[in-house]
Engineer: 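Structure incoming, see below.
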Amino acid sequence: QVHLRESGGGSVQAGGSLRLSCRISGFSGSTYINSCMGWFRQAPGQEREYLAGINRHGSTHYADSAKGRFTIPQESDQNTMYLQMTSLEPEDIAMYYCVLNRYWTIYPPPSSWSDYHWWGQGTQVTVSS
């Protein structure tokens with residue numbers, strides 16, 4: 001059974017940085033060679049928002065809201081994915097989720113939550129001004 005677990009959230013001051021991790025278990029990357037992963041967030045009272053994605057070839061894609069501040073580092077591999085976040089602001093307060101799609105052959109990765117087959121429980125990010 002596939003499980004995704006996020007970690008690394010917490011409280012930071014505005015301008016600070018956080019590195020989120022997503023550990024994937026029960027999923028064989030060698031089997032699903034066209035899978036892709038991504039990060040979403042959901043702020044209180046708002047809809048889930050796509051942030052970034054990466055495919056099995058290491059190609060990344062970022063939503064406009066994430067460009068320049070959020071990065072999926074290249075050390076992400078088939079079992080662990082990261083999200084490096086810098087210059088955090090109170091507007092970034094949200095629950096952050098990692099997601100996994102088992103078969104996506106086109107670029108960019110999907111930006112709709114409904115296109116993903118698995119997701120984690122989320123990790124909370126809080127930014128104080």
Side-chain angles (χ1 to χ4, degrees):
Q1 189 171 0
V2 178
H3 289 284
L4 281 69
R5 171 175 282 189
E6 304 91 340
S7 62
S11 297
V12 296
Q13 291 190 330
S17 300
L18 280 174
R19 183 180 175 99
L20 306 183
S21 299
C22 174
R23 180 70 181 175
I24 302 168
S25 60
F27 180 79
S28 172
S30 62
T31 301
Y32 298 109
I33 60 174
N34 288 314
S35 63
C36 63
M37 299 182 285
W39 288 97
F40 283 72
R41 70 182 178 187
Q42 187 169 22
Q46 298 188 22
E47 296 187 355
R48 291 188 194 96
E49 175 189 14
Y50 168 80
L51 294 174
I54 183 169
N55 64 18
R56 289 300 178 187
H57 306 292
S59 297
T60 55
H61 176 263
Y62 300 95
D64 288 342
S65 60
K67 286 179 181 177
R69 297 193 301 129
F70 296 176
T71 305
I72 298 178
Q74 287 300 310
E75 57 260 40
S76 297
D77 59 29
Q78 64 184 29
N79 296 118
T80 307
M81 179 178 62
Y82 303 96
L83 183 67
Q84 181 68 47
M85 305 188 296
T86 62
S87 302
L88 288 165
E89 296 296 333
E91 292 73 25
D92 296 313
I93 294 173
M95 187 73 78
Y96 285 70
Y97 300 90
C98 65
V99 294
L100 175 64
N101 176 300
R102 63 173 174 260
Y103 189 81
W104 191 266
T105 61
I106 61 175
Y107 180 86
S111 59
S112 174
W113 179 273
S114 62
D115 285 323
Y116 290 90
H117 302 101
W118 298 281
W119 48 88
Q121 294 297 311
T123 186
Q124 179 68 41
V125 171
T126 302
V127 185
S128 57
S129 57

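Side-chain atoms are counted along with the backbone in the values below, which use heavy atoms only and exclude waters and symmetry mates.
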Engineer: Please check if the number of heavy atoms outside R5 that lie under 6.0 Å from its CZ is greater than 12.
Structural biologist: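 Counting neighbours around CZ of R5, 12 or fewer heavy atoms of other residues, nucleotides or ligands fall under 6.0 Å, so no.
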
Engineer: How would you list, by chain and number, every residue that makes a side-chain contact (heavy atoms from CB on, under 4.5 Å) with S112, sequence neighbours excluded?
Structural biologist: S114, D115

Engineer: Determine the interplanar angle of the W119 and W113 rings, folded into 0 to 90°, and report it as parallel if under 30°, tilted if 30 to 60°, perpendicular if over 60°.
Structural biologist: tilted

Engineer: Around atom CD of Q124, are there more than 12 heavy atoms from other residues, nucleotides or ligands closer than 6.0 Å?
Structural biologist: yes

Engineer: Where do T60 and Y107 come nearest, in terms of heavy atoms and distance?
Structural biologist: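 Here T60 and Y107 meet closest at O-OH, 2.6 Å.
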
Engineer: Taking atom CZ of R48 and atom CE of M95, what is their separation to the nearest 0.5 Å?
Structural biologist: 11.0 Å

Engineer: To the nearest 0.5 Å, tell me how far C36 SG sits from I106 CD1.
Structural biologist: 9.5 Å

Engineer: Please check if L83 and V12 belong to a single hydrophobic cluster, counting links between Ile, Leu, Val, Met, Phe, Trp and Tyr side chain heavy atoms closer than 4.5 Å.
Structural biologist: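 Yes, L83 connects to V12 through the hydrophobic network.
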
Engineer: Would L4 and L51 show up in the same hydrophobic cluster when neighbours are defined by side-chain heavy atoms closer than 4.5 Å?
Structural biologist: yes

Engineer: To the nearest 0.5 angstrom, please state how far the OG atom of S111 sits from the CD atom of E49.
Structural biologist: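 It comes to 11.0 Å.
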
Engineer: Rounded at 0.5 Å granularity, tell me how far CD1 in I72 sits from CE in M37.
Structural biologist: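 Result: 7.5 Å between the selected atoms.
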
Engineer: I need the L100 CG to H3 NE2 distance, nearest 0.5 Å.
Structural biologist: 12.5 Å

Engineer: Quick check against the 3.5 Å criterion: does W39 have a side-chain atom that pairs as donor or acceptor with the backbone of Y82?
Structural biologist: yes

Engineer: Search all heavy atoms of R69 against all heavy atoms of E89 and return the closest pair with its distance.
Structural biologist: NH1-N, 4.3 Å

Engineer: Are H117 and V2 close enough that some pair of their side-chain heavy atoms sits under 4.5 Å apart?
Structural biologist: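 They are not in contact (no side-chain heavy atoms under 4.5 Å apart), so the answer is no.
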
Engineer: Do the side chains of I24 and T80 get nearer than 4.5 Å, heavy atoms only?
Structural biologist: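 Not in contact.
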
Engineer: Distance only, no hydrogens: is a donor on one side chain within 3.5 Å (strictly under) of an acceptor on the other, for R102 and S35?
Structural biologist: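 No pair is found: no donor N or O on one side chain lies under 3.5 Å from an acceptor on the other.
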
Engineer: Looking at P109 and G53, what are the two nearest heavy atoms and their distance?
Structural biologist: CG-C, 3.8 Å

Engineer: Could you check whether any side-chain heavy atom of S17 comes within less than 4.5 Å of a side-chain heavy atom of T86, counting everything from C-beta outward?
Structural biologist: yes

Engineer: For the residue pair I54 and M81, establish whether any side-chain heavy-atom pair is separated by less than 4.5 Å.
Structural biologist: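 The answer is yes, as the side chains (C-beta and beyond) meet within the 4.5 Å cut-off.
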
Engineer: Hey, does R23 have a side-chain heavy atom less than 4.5 Å from the side chain of N79?
Structural biologist: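 Yes; the side chains approach each other to less than 4.5 Å.
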
Engineer: Taking the side chain as every heavy atom from C-beta outward, state whether L20 and E6 have any atom pair closer than 4.5 Å.
Structural biologist: no

Engineer: Any chain of hydrophobic side-chain contacts (each under 4.5 Å) joining I93 to F70?
Structural biologist: yes

Engineer: Are V125 and Y62 in one and the same hydrophobic cluster, where Ile, Leu, Val, Met, Phe, Trp and Tyr link if side-chain heavy atoms are under 4.5 Å apart?
Structural biologist: yes

Engineer: With side chains defined as the heavy atoms from C-beta onward, is the minimum distance between M85 and Y96 less than 4.5 Å?
Structural biologist: yes

Engineer: Which distance, rounded to the nearest 0.5 Å, do you find between the CG of N55 and the CH2 of W104?
Structural biologist: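 Spacing of CG (N55) from CH2 (W104) equals 12.0 Å.
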
